[in-house]
Amino acid sequence: MLRVAREFAKHIYNSQKWKKLREYIFVKQHGCCARCGGVKNLQVHHKIWLTPNNINDMDIVYGEDNLELLCHDCHALEHLKKSPTREGLKFNEFGELEEEK
Ligand SMILES: [Zn+2]
Ligand SMILES: [Zn+2]
């Protein structure tokens, strides 16, 4: 099963740099979802998803061109191309999808 938020990315989401960047992306997109313009449950999404292979690539991890603000629903669609609830997935505290335990 799909598990997006893995241990390998935890240090990124916990870093001050990420928290600042997330705020920056939020302001840059005027607090609106890049897909539907929604303003609720917004999360920053990596267009090129983080993997153990690219986790040290600063352009992918922290490059603003690789980041966009999405609402929960559009974020789920982006990762799953279908409804998250149907698949038993939820967003964790980092705003990434993982399996419901
Ligand atoms: Zn949206
Ligand atoms: Zn994402």
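Quantities reported herein were computed from a predicted structural model and do not represent experimental measurements. Whatever order the structure lists ligands and atoms in, that order sets their numbers, starting from 1.
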* To do: State the atom name: nearest N, O or S atom of His45 to the Zn ion (ligand 2).
  => ND1

* Answer yes or no: is there a donor N or O on one side and an acceptor on the other, between the side chain of Asn41 and the main chain of Cys71, under 3.5 Å? => no

* To do: Could you please compute the angle at the Zn ion (ligand 1) from SG of Cys33 to SG of Cys36, rounded to 10°?
  => 110°

* What angle, in degrees and rounded to 10°, do you get at the Zn ion (ligand 1) when you join it to SG of Cys71 and to SG of Cys74? -> 100°

* Asked: Pick one: which of His79, Arg35, Gln29, Gln43 meets side-chain contact (heavy atoms from CB on, under 4.5 Å) with Leu70?
  -> Arg35

* **Heteroatom test (N, O or S) for His46 near the Zn ion (ligand 2), limit 2.8 Å** => no

* To do: Could you tell me whether the side chain of Asn54 and the main chain of Trp49 form a donor-acceptor pair under 3.5 Å?
  => yes

* Would you mind telling me which of Ile12, Val44, Leu67 makes a side-chain contact (heavy atoms from CB on, under 4.5 Å) with Leu21? => Leu67

